[in-house]
Amino acid sequence: MSATLAAEVRAGSRSALARLLNQLESSRPDDRAAASAVIDELAIYLRPGGLLVGLTGPPGVGKSTLAGALVASWRQRALSVGVIAVDPSSRRSGGALLGDRARIGPRGGDDGLFVRSMAARDRLGGLAPATFEAVIAMGAAADRVLVETVGVGQSETDVSEAVDLTVVVIQPASGDTLQFIKAGLMEVPDVVVVGKADLGAAARRTARELRAVMPALGRPDTPVLEVSALAGDGVGALCDVLEELREAGAPELGPRRDRRLREQVLRTFRDRYGSRGLDALGGAAGARARLDALPPGTPPSALLAALTRAAGH
Amino acid sequence: MSERRDRPWVMRTYSGHSSAAASNALYRDNLGRGQTGLSVAFDLPTQTGYDADDALSRGEVGKVGVPIGHLGDMETLFEGIPLDRMNTSMTINATAPWLLALYVAAAERQGVAREALSGTTQNDLVKEFLSRGTYMLPPRPSMRLQTDVIAFTVAEMPRWNPVNICSYHLQEAGATPTLEVSYALANAMAVLDALRERGDVDEAAFPTTVGRISYFVNAGIRFVEEMVKLRVMARLWDRTAETRYGVTDERLRRFRYGVQVNSLGLTEPQPENNVYRIALEMLGVVLSKSARARAVQLPAWNEALGLPRPWDQQWSLRLQQIMAYETDLLEYEDLFDGSHVVAELEAELEARVAEELAWIEREGGVLAAVESGAMKQRLVEAGAARLREIESGEQVVVGVNRWQEGLPSPLLAGDDAGFMSVDEHAEAEQVARLVAWRAARHAGEAEVALHGLRDAATTGANIMPASIRCALAGVTTGEWGAALRDIFGEYRAPTGVSATMASSAERASLVEAREAVDAASERLGRRLKLLVGKPGLDGHSNGAEQVAVRARDAGIEVVYDGIRLTPDQIARAAEEEGVHAIGLSVLSGSHMALVPQVIAALEARGLAALPVIVGGIIPPEDRTALLAAGVARVFTPSDFDLDLVIAEIARAVLEGAGG
């Protein structure tokens with residue numbers, strides 16, 4: 001059964017993808033088991049020419065508008081697109097308002113576009129475990145996957161661990177993100193976008209400052225782009241830059257995804273068995289060494305089982 | 001009796017339905033009963049630039065107003081009504097240039113020059129993005145078309161009010177007086193600033209242009225506060241015109257406004273009480289002579305039930321006539337100048353408005369705050385606060401949260417249950433007329449005129465002359481709209497519903513709703529997920545927004561998909577998002593057409609089992625029919641406690657899951 005569902009997802013079946021995503025988010029044991037088998041298969045599948053992109057940044061910076069423009073740009077290039085839009089859950093009620101899909105996609109609907117909104121659930125601003133798996137599922141089904149998160153707390157780091165390329169959007173002339181990058185407090189993303197370029201001088205100045213600081217941060221080649229998603233300026237250029245980076249990094253894509261997958265397994269292990277479980281393996285370094293001993297392309301459930309066995313659980 | 005009575009305000013009734021011919025008959029009747037101006041309600045396809053045979057128009061033709069598809073319809077609408085002697089107010093915004101073009105062309109065919117026309121095009125786009133939802137283009141091109149209409153009328157139609165800055169719909173969305181005044185003033189300044197930047201209105205004519213700005217406000221039941229609001233608006237507008245725009249002539253700085261009193265506060269239970277509410281709401285806009293309305297429209301007592309009948313409209317008009325002619329109101333100078341109570345209230349409001357205006361400035365001005373959704377979010381939050389006050393009983397609504405027991409209303413006992421049912425054939429007949437019109441016109445001329453329209457749109461020439469040529473060449477509303485959408489693109493405005501929205505106050509009923517949601521989530525294996533959206537062309541999203549926020553506060557993961565969704569779009573979103581239920585809000589009276597379409601679209605995607613929940617102005621008979629058609633729950637305005645609504649949704653989901 002799972003083989004069929006995985007194949008359907010890869011072939012781009014919308015209902016199969018929807019079904020799998022529902023199972024991924026479920027806490028019912030039967031759903032979990034079914035989903036885990038499918039994810040095992042999809043996690044080691046590299047969609048030819050596929051790319052996973054993370055888009056993050058502080059609230060109010062125009063991320064949703066940019067996401068909409070980027071999706072439209074990809075669709076114009078005849079690439080199929082999957083979007084995962086992550087919003088925080090209310091800490092009091094556990095509920096969430098997921099309002100971004102209203103900004104993405106054409107009015108008439110589009111068979112080449114699939115948008116899933118997900119709540120960040122328990123982790124503080126970070127991605128829910130199911131979201132990592134959802135990225136894997138989407139990546140098997142669509143040429144381009146966009147993971148959109150609000151850049152507060154943990155999610156900025158989390159999203160970079162789920163995707164091939166991370167784009168951070170910052171507001172011209174203001175905001176912590178800009179200061180964090182400049183001061184070297186935050187890891188430099190693959191692409192920096194200065195949003196709201198329609199603001200003119202402020203955007204240009206911010207972009208200039210960022211370019212000037214990149215060499216000192218050891219990332220002189222990091223593209224810094226000015227984009228006005230509202231006016232549609234610079235979105236094509238962003239698209240081009242992402243394609244260039246994808247082509248340049250293509251040989252590394254498989255090994256890098258494999259590495260990310262192992263980090264995700266490690267995180268799952270830690271979530272499940274805590275730091276005591278990790279201690280039994282000689283800490284994170286010991287756990288990583290055990291995972292590295294397994295051949296590339298080992299499915300996630302086998303990786304997790306190896307750690308669990310070694311820890312004596 | 002005093003020497004001199006003031007001249008009464010213009011008395012109108014906002015009306016139009018089914019077809020141009022039916023509406024024309026209604027207008028002639030209303031004028032015969034002493035109405036002194038016309039207020040045209042257009043249907044949603046006309047308001048958003050679609051033809052009656054467009055897929056998006058299905059179920060909406062002739063529902064909330066009259067369908068006007070081309071010059072022929074416009075001529076029929078005003079047949080036998082001399083346009084040089086009529087004062088016509090058109091509630092038209094995104095397509096204001098087009099409807100004004102049709103009006104000018106129809107007048108020309110009556111032999112009336114455009115200089116002689118008097119009336120108003122609402123032509124206020126900012127509030128469309130904030131609350132009413134019938135926009136067509138993105139904000140910046142919308143502002144351009146809006147100022148095109150103003151520049152054109154200033155030059156060629158000296159008796160026309162080209163824009164009616166509307167705070168009406170802001171209050172319907174829950175705006176407090178502070179928000180209403182500030183947003184309206186900020187909006188007017190944004191329009192005038194944009195006009196000044198265009199440079200095609202010459203500096204000498206600018207004071208006249210300022211003098212042409214009129215307002216359209218709302219008046220609620222707290223009539224003292226409302227009267228104060230209007231006095232403050234008058235003063236602030238006078239000051240703004242003088243200091244910001246250098247208008248020296250005092251007459252050109254006058255705050256001229258029309259009003260439709262509040263529909264938000266009209267209740268579905270004990271609807272006869274609404275007659276009193278309407279009368280009291282009217283006091284706020286007529287009592288103070290120095291801030292008195294120039295034109296008044298009153299809603300009908302039964303608006304929360306369904307469409308008013310001609311008799312209901314007559315009853316509302318009679319109230320205006322009694323106020324103006326039987327009472328001694330119009331015999332005195334201003335009654336409140338010199339009142340220290342009023343003066344203090346005014347000073348407080350002015351201070352709050354100054355703060356709010358400063359906030360908008362910090363957000364980058366009106367257009368930026370519209371594009372970012374910041375203003376919209378404040379409105380949704382204000383709406384939520386208002387709702388909470390009613391639910392908690394802090395704000396008393398007689399017959400709703402106090403004194404709910406009452407005798408059955410004889411007003412509802414007639415065969416029609418107390419409201420008008422829409423002519424079911426109106427849509428098909430309108431489509432037939434449209435098809436005949438297209439066949440009869442000179443296709444080549446229409447094409448040439450449309451070419452001219454596209455030219456004007458891309459070169460930046462004023463859109464009005466090209467639109468008038470289109471009108472005369474037989475171009476249709478949908479063709480005009482499509483040409484501009486092709487050039488400027490379509491737009492989906494920020495919903496204002498976002499994760500940063502403030503939480504609802506805790507009450508026992510919210511805790512109970514949360515328990516019901518948690519129980520359902522437990523049983524489903526993942527958190528209950530609900531899609532909320534509006535099918536059809538109706539953009540009044542206040543209700544849907546409030547349900548979305550409350551559902552979140554009760555623990556539901558809510559996908560809020562906004563307005564103007566096609567049935568297939570809703571089914572698609574339900575599938576992609578993996579929701580457990582779908583909440584639809586329909587206020588245009590099109591629920592019987594739209595809801596079955598959504599159910600069919602869900603079936604086509606194998607999602608027939610998903611519970612569909614419908615909220616709106618839905619008469620009992622339709623409710624029964626919807627439930628029979630497979631709808632899980634129907635909610636109407638009498639279900640004002642959203643905690644109970646959310647708990648019911650959770651139960652509906654459990655029933656659907658075999659619980």
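Quantities reported herein were computed from a predicted structural model and do not represent experimental measurements. Sequence lines set the chain letters: A, B, ... in the order given, protein chains first and strands last, and positions in each chain run from 1. Atom set for the values below is all heavy atoms of this structure, side chains included, hydrogens, waters and symmetry mates excluded.
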Quiz prompt | Proximal component of A:D111, with respect to chain B [non-hydrogen, under 4.5 Å] | solution = both

Self-check item: Option that, when pairs with chain A are counted at under 4.5 Å, heavy atom only, ranks first among B:Q569, B:E557, B:R140
Solution: B:E557

Quiz item: CG/A:N22 to NZ/B:K529 distance, rounded to the nearest 0.5 angstrom?
Solution: 7.5 Å

Quiz item: Side-chain contact, heavy-atom cut-off 4.5 Å: A:E25 with B:R527?
Solution: no

Quiz item: What's the spacing between B:D561 CG and A:R103 CZ if we round to 0.5 Å?
Solution: 12.5 Å

Quiz item: Between B:E522, B:E506, B:R564, B:R605, which residue shows the highest count of heavy-atom pairs closer than 4.5 Å to chain A?
Solution: B:E506

Quiz prompt | Contact origin within A:D31 toward chain B - heavy atom pairs under 4.5 Å | solution = neither

Exercise. May I have the step-by-step check of side chain to side chain contact (heavy atoms under 4.5 Å, CB included) for B:R552 and A:R92, ending in yes or no?
Key: CA-CA 10 Å; B:R552 187 268 318 253; A:R92 182 156 63 184; over 6 Å; no

Practice problem: Compare every heavy atom of B:R572 with every heavy atom of A:G109, then report the nearest pair and how far apart it is. | Solution: CA-NE, 3.7 Å

Practice problem: Select one option (side chain, backbone, both, neither) describing which atoms of B:V549 are under 4.5 Å from chain A's heavy atoms. | Solution: both

Quiz prompt | Option in B:T566, B:L530, B:V559 with maximal non-hydrogen atom pairs under 4.5 Å from chain A | solution = B:V559

Exercise. Just give me the residue among A:A102, A:A85, A:S15 that pairs up with chain B most often, heavy atom to heavy atom, under 4.5 Å.
Key: A:A102

Quiz item: Counting heavy-atom pairs under 4.5 Å to chain B, which of A:G68, A:S93, A:S90, A:S26 comes out on top?
Solution: A:S93

Quiz item: What part of A:I104 lies closer than 4.5 angstrom to a heavy atom of chain B: side chain, backbone, both or neither?
Solution: backbone

Self-check item: Note, B:V558 side chain near A:L98 side chain (heavy atom, < 4.5 Å)
Solution: no

Quiz item: Any idea which of B:R514, B:E371, B:E490, B:R526 has the most non-hydrogen atom pairs under 4.5 angstrom with chain A?
Solution: B:R526

Quiz item: Between A:A119, A:A18, A:S117, which residue shows the highest count of heavy-atom pairs closer than 4.5 Å to chain B?
Solution: A:S117

Quiz prompt | Winner by heavy-atom pair count (cut-off under 4.5 Å) against chain B, out of A:S64, A:S27, A:A130, A:G105 | solution = A:S27

Quiz item: Where the side chain of A:R116 meets the backbone of B:E576, is there a donor-acceptor pair that is under 3.5 Å apart?
Solution: yes

Quiz item: Between B:L524 and A:R28, which heavy-atom pair has the shortest distance, and what is it?
Solution: O-NH1, 3.6 Å

Quiz item: So which part of A:L113 gets closer than 4.5 Å to some heavy atom of chain B, the side chain, the backbone, both or neither?
Solution: backbone

Quiz item: Given the options B:A573, B:P139, B:A368, B:G562, which has more heavy-atom pairs under 4.5 Å with chain A than any of the others?
Solution: B:A573

Self-check item: Toward chain A, the part of B:E575 with a non-hydrogen atom under 4.5 Å
Solution: both

Exercise. State, with a plain yes or no, whether a side-chain heavy atom of A:M118 is found less than 4.5 Å away from one of B:E577.
Key: no

Quiz item: If you tally heavy-atom pairs under 4.5 Å against chain B, which of A:V61, A:D110, A:T65, A:L17 wins?
Solution: A:D110

